[in-house]
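As C-alpha cells, the structure follows; a few thoughts come after it.
We count residues from 1, following the sequence as given.
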Amino acid sequence: MNVIKCITLLAALLLFGCAINVQDGDDIKYNKHNIVSKFNAKLMPREQRLARISSDMKKVGFNKVSVSQVFNAFSNSVLSIFKHQHNIITEHKVLLDNHRDVLSFLMANKDKDKAQLQQAITDFDKTAETEKEKIGPKIKAYEKASDKIWEENVKLSLLITEQTLRLAYIIRLQGDDLIGMQGLSMLMNANKIGEAYKLAEIRLHLAKVANEFIEDEKAIIDIAKQLQTFQNAD
C-alpha cells in the first residue's frame with residue numbers, strides 16, 4: 001500500500017468515526033455542549049423548541065475552519081447554509097413575537113371554512129377601536145412574511161440534503177485533495193480534520209432541525225393562505 005493510500009485510509013477511519021449516533025430521548029454531545037436531537041426537538045412546545053434550536057446554533061457558532069482546499073470549500077458551504085438557516089429561524093421568531101395575536105386568532109378559528117373565517121375576521125374588526133387593532137391587516141402581513149420564510153426554507157432544505165450527501169462522500173473528495181500534494185500535511189493535522197468534520201456534521205444536523213421546525217409550522221402558514229380574498233370581505 002503506497003503512502004497516499006495509507007493516509008487516505010487513516011483519514012477515512014478518523015472521519016467515519018465521527019458520525020452522529022444518538023438514541024431517542026438523548027441529546028447530542030458536541031464538545032462540552034448538549035445539542036438537541038431531532039427526536040427531542042419535535043417533543044417540545046413551539047416556543048421552547050424554537051428557543052432551544054436558536055440557542056444550540058449559537059453554541060456551535062459561526063466561525064470558519066481551515067483544513068485543506070477541498071474540505072474548506074465544503075465546510076464554507078455548510079457554514080453559509082447554517083447561517084442562512086439561523087437567519088430564517090430568527091425571522092420566524094420575530095414573526096411569532098409580532099403576530100402572536102394573529103396566531104391565536106387563526107388557531108381559534110382553524111376548523112372554519114374560508115367563508116366562515118372571513119366572517120370571523122369581519123366580526124372581529126368591527127369591534128376594533130383603531131385600525132391598529134384590526135386582525136385583517138395583520139393576517140395579510142403575516143401571510144406575506146410566512147410565504148417568504150417558507151420559500152427560503154424549501155430552498156435550504158434542498159441545499160442541506162445536497163451537503164449531507166457530500167459529507168457522506170467526503171473521503172473521496174479528500175482522497176483527491178491528498179493526491180494534490182497535501183497528504184503529509186493532512187496526516188499531521190488528523191485531529192484538526194476530525195474536529196472540522198464534526199463541526200460540519202453538527203451544523204448540518206442543526207440546520208436540518210431548524211428546517212424541520214419551519215416545515216412543521218406550515219400548518220399555520222396553510223391556514224393563512226386560505227385567506228387570499230379575506231380583505232374583500234364585507
Side-chain angles (χ1 to χ4, degrees), residues 8-22 27-31 33-42 49-50 52-93 148-180 182 185-186 189-218:
T8 304
L9 177 60
L10 287 172
L13 291 172
L14 176 69
L15 294 179
F16 288 147
C18 299
I20 292 175
N21 184 15
V22 62
D27 284 333
I28 298 167
K29 302 296 182 181
Y30 174 73
N31 291 342
H33 303 302
N34 290 326
I35 304 300
V36 68
S37 66
K38 290 183 182 180
F39 180 85
N40 285 348
K42 286 183 175 291
R49 183 179 176 187
L50 189 153
R52 176 66 187 275
I53 294 170
S54 180
S55 173
D56 284 358
M57 293 182 89
K58 290 177 182 177
K59 288 177 185 176
V60 170
F62 306 94
N63 61 300
K64 286 188 176 182
V65 296
S66 181
V67 175
S68 70
Q69 184 176 355
V70 168
F71 200 95
N72 288 354
F74 168 75
S75 61
N76 288 341
S77 179
V78 171
L79 176 58
S80 177
I81 292 171
F82 186 70
K83 286 180 176 179
H84 196 173
Q85 190 69 65
H86 182 263
N87 289 339
I88 290 297
I89 204 169
T90 300
E91 286 185 34
H92 189 72
K93 184 179 186 305
K148 175 193 171 185
I149 289 172
W150 173 249
E151 288 170 5
E152 289 297 310
N153 202 62
V154 170
K155 293 176 185 177
L156 284 174
S157 180
L158 296 174
L159 290 174
I160 292 168
T161 299
E162 177 186 327
Q163 294 305 314
T164 301
L165 290 173
R166 283 190 66 194
L167 188 61
Y169 292 100
I170 195 66
I171 279 300
R172 292 186 182 181
L173 297 178
Q174 285 292 346
D176 292 339
D177 197 16
L178 290 170
I179 293 172
Q182 298 191 54
S185 174
M186 292 286 286
N189 290 299
N191 288 333
K192 194 174 182 181
I193 301 170
E195 288 303 311
Y197 180 94
K198 286 188 288 185
L199 178 59
E201 188 178 38
I202 202 68
R203 280 175 172 166
L204 283 173
H205 162 75
L206 275 173
K208 185 61 178 175
V209 171
N211 192 265
E212 289 181 352
F213 171 78
I214 301 297
E215 287 179 357
D216 289 346
E217 292 287 279
K218 189 174 183 292

Test salt bridge (Lys or Arg N to Asp or Glu O under 4.0 Å) applied to Glu201 and Lys198, step by step: CA-CA 5 Å; Glu201 188 178 38; Lys198 286 188 288 185; over 6 Å; no
From CA spacing to verdict: side-chain contact (heavy atoms from CB on, under 4.5 Å), Glu215, Trp150: CA-CA 8 Å; Glu215 287 179 357; Trp150 173 249; 4.1 Å; yes
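The aromatic rings of Phe82 and Phe62 lie tilted to each other, with the angle between the two planes from 30° to 60°.
A 4.5 Å side-chain heavy-atom check between Ile202 and His33 finds every atom pair outside the cut-off. Considering only heavy atoms from C-beta on, Glu195 stays 4.5 Å or farther from Leu199 through its side chain. With contacts defined as side-chain heavy-atom distances shorter than 4.5 Å, the pair His205/Ile28 qualifies.
Not one N or O on the side chain of His86 forms a donor-acceptor pair closer than 3.5 Å with the backbone of Ala207. Side chain of Arg203 to main chain of Gly61: a donor-acceptor pair is present (N/O by atom type, distance under 3.5 Å, no hydrogens or angles).
Here the CD1 atom belonging to Ile89 is positioned 4.5 Å from the CG atom belonging to Leu50, to the nearest 0.5 angstrom. Rounded to the nearest 0.5 Å, atoms CG (Asn211) and CG (Leu204) are 11.5 Å apart. For the atom pair CD1 (Ile35) and CG (Asn40), the distance works out to 12.0 Å, reported to the nearest 0.5 Å. Taking CG of Leu206 as the reference point, atom CD1 of Ile160 lies at 10.0 Å (rounded to 0.5 Å).
Exactly one residue among His92, Glu217, Gln85 makes a side chain to side chain donor-acceptor pair (under 3.5 Å) with Asn153. That residue is Gln85.
Ser80 pairs by the side-chain hydrogen bond (donor to acceptor under 3.5 Å, both in side chains) definition with nothing, not counting sequence neighbours. Qualifying side-chain contact (heavy atoms from CB on, under 4.5 Å) partners for Asn87, counting only residues two or more places apart in sequence or in other chains: none. Looking at residues two or more places apart in sequence or on another chain, you find a side-chain contact (heavy atoms from CB on, under 4.5 Å) between Leu159 and Ile81, Leu156, Glu162.
When all heavy atoms are compared, the tightest approach of Val209 to Ala41 is CG1-CB, 3.8 Å.
Residue pairs that meet the salt bridge (Lys or Arg N to Asp or Glu O under 4.0 Å) test with at least one member in residues 69-91, sequence neighbours left out, are Glu91-Lys148. For residues 52-69, the set of pairs meeting the salt bridge (Lys or Arg N to Asp or Glu O under 4.0 Å) definition, not counting sequence neighbours, comprises Asp27-Arg52, Arg52-Asp56, Asp56-Lys59. For the salt bridge (Lys or Arg N to Asp or Glu O under 4.0 Å) condition, the pairs that include at least one residue of residues 150-161, sequence neighbours left out, are Glu152-Lys155.
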